[in-house]
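All values derive from a computational prediction rather than experimental measurement.
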2 protein chains.
Amino acid sequence: MDGEQGTAAVREAFIERMGVIAQADGMPRMSGQIFAMLVFDGEALAFGELARQLEVSRATISTSVRLLEDRGLIRRLNRRGDRQDYFQLADNAYVEMLRHARANTARARDEVAGTLADLPATAGDIRGRLNDFKNFYAEIETSLGDAIARIEKNRT
Amino acid sequence: MDGEQGTAAVREAFIERMGVIAQADGMPRMSGQIFAMLVFDGEALAFGELARQLEVSRATISTSVRLLEDRGLIRRLNRRGDRQDYFQLADNAYVEMLRHARANTARARDEVAGTLADLPATAGDIRGRLNDFKNFYAEIETSLGDAIARIEKNRT
DNA sequence: TAGTTTGTTCAGAAATAACTGAACAAACTT
DNA sequence: AAGTTTGTTCAGTTATTTCTGAACAAACTA
């Protein structure tokens, strides 16, 4: 049923799909495609190779890999006798992804907490609803923490 | 330190901030602002009132509330003797938010699973890495499920 | 019946985000 | 020294998303 295709074609499709998913997650498509390529290939890929294979400008690669580096999702390598930069999936990439998501959630919770702090102690019903909202974010943070712990355990 | 302000000003700030957070979460700003307003006020708000207070067109309200309704985050009400539609926070709004996030994650996992299915049984190293990736999504799904369970428990 | 209020839809405008090309600096090669 | 390769930055274009205004239908009111 599930027609087995050439590996190259599967790779192309995977990269394309991950670009779309990245976009849906509020990440630039190109960062998602680079990430997917590194997941699929495993080995380190050269800067120029990324631009060539993805058919985008080197400026785009530069910006995209910086984003991925800043989030701790990929590592930049140098090889002796080769001036190009190489990139590889960070070994804790998935954990870093979740940490980033958790940090975002914490920021949202802080906003709600700030609102609560600014609110007169009277308005008790409003405070109650904002507390529910804050608690919602807190639960997400807890859950992401659990997922992080489980993934780190598997990696050891 | 945390200067207590007028409730109206705190409300404005909260709505504004939640619009920004919604955007960061891949939701239109207006949907976020409407959601925030309903959280803050608790009571049902009229369609026209939303447009007036947020200073946007009724077309925008129409589109935004439909998105929120489709996700199960708000409820549309009617009041006898009033032709307007009213909107209220759904009582399981936070759970629905998490369910939506979990469904998105499952979709991503399916993409990876599909890639695995299309891949020749040989390429074992690639399969290993894709499995890690799939597992990453699976862990998120588990965690979101846990968060859902905890919030549902609290509500009972 | 003619007019009003209400919510929806859709083509298009406005705002935002992503990508490119060119200019540049650093590190090399010949 | 002159030329090449490499990665970065930024102004500007392209693409995408979000919002609006106008047209419309349904349900009411005078």
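- For the side chain to side chain contact (heavy atoms under 4.5 Å, CB included) with B/Tyr94, the qualifying choice from B/Val39, B/Ile148, B/Asn154 is B/Val39, the only one to do so.
- A side-chain hydrogen bond (donor to acceptor under 3.5 Å, both in side chains) check over residues 46-61 of chain A, counting only residues at least two apart or in different chains, returns the pairs A/Arg11-A/Gln53, A/Glu49-A/Arg52, A/Glu49-A/Gln53, A/Ser57-A/Thr60.
- With a 4.5 Å cut-off on side-chain heavy atoms, A/Ile15 and A/Ile34 do not count as touching.
- When side chains are defined from C-beta on, B/Arg102 counts as touching B/Arg99, because their heavy atoms get closer than 4.5 Å.
- Looking at residues 11-20 of chain A, you'll see that no heavy atom sits under 4.0 Å from any atom of DNA chain C.
- Within residues 54-69 of chain A, the residues approached by DNA chain C to less than 4.0 Å at the level of any non-hydrogen atom are A/Val56, A/Ser57, A/Ala59, A/Thr60, in residue-number order.
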Tell me which donor-acceptor pairs under 3.5 Å the side chains of residues 72-80 of chain A have, and how far apart each pair is, sequence neighbours excluded?
from, atom 1, to, atom 2, distance (Å)
A/Arg76, NE, A/Glu69, OE1, 3.2
A/Arg76, NE, A/Glu69, OE2, 3.2
A/Arg76, NH1, A/Asp85, OD2, 2.6
A/Arg76, NH2, A/Glu69, OE1, 2.6

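- The side-chain hydrogen bond (donor to acceptor under 3.5 Å, both in side chains) search around A/Asp110 returns none, not counting sequence neighbours.
- Take the nearest nucleotide of DNA chain D for A/Arg76 and for A/Arg29: the residue whose nucleotide is more 5' is A/Arg76.
- Considering only residues two or more places apart in sequence or on other chains, B/Thr63 meets the side chain to side chain contact (heavy atoms under 4.5 Å, CB included) condition with none of them.
- Computed from C1' positions of five pairs at each end, the angle between the two local axes of the helix from C/dT1-D/dA30 to C/dT30-D/dA1 equals 20°, rounded to 10 degrees.
- Of the options A/Arg17, A/Glu16, A/Met18, a side chain to side chain contact (heavy atoms under 4.5 Å, CB included) to A/Phe14 is made by A/Met18 and by none of the others.
- For A/Arg29, there are no salt bridge (Lys or Arg N to Asp or Glu O under 4.0 Å) partners, not counting sequence neighbours.
- Every residue meeting the side-chain hydrogen bond (donor to acceptor under 3.5 Å, both in side chains) condition with B/Tyr86, not counting sequence neighbours, appears here in chain and number order: B/Asp82.
- When DNA chain D is scanned 5' to 3' for any atom under 4.0 Å from a heavy atom of chain A, the first and last hits are D/dT5 to D/dT9.
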Scan the side chains in residues 133-144 of chain B for donor-acceptor partners under 3.5 Å anywhere in the protein, sequence neighbours excluded, and list what turns up.
from, atom 1, to, atom 2, distance (Å)
B/Glu139, OE1, A/Arg150, NE, 2.5
B/Glu139, OE1, A/Arg150, NH2, 3.2
B/Glu141, OE1, B/Arg109, NH2, 2.9
B/Glu141, OE2, B/Arg109, NE, 2.4
B/Glu141, OE2, B/Arg109, NH2, 3.3
B/Thr142, OG1, B/Ala138, O, 3.0
B/Ser143, OG, A/Ser143, O, 3.0
B/Ser143, OG, A/Arg150, NH2, 2.9
B/Ser143, OG, B/Glu139, O, 3.2

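- A search for side chain to side chain contact (heavy atoms under 4.5 Å, CB included) contacts involving A/Ala93 returns A/Phe35, A/Leu89, A/Ala90, not counting sequence neighbours.
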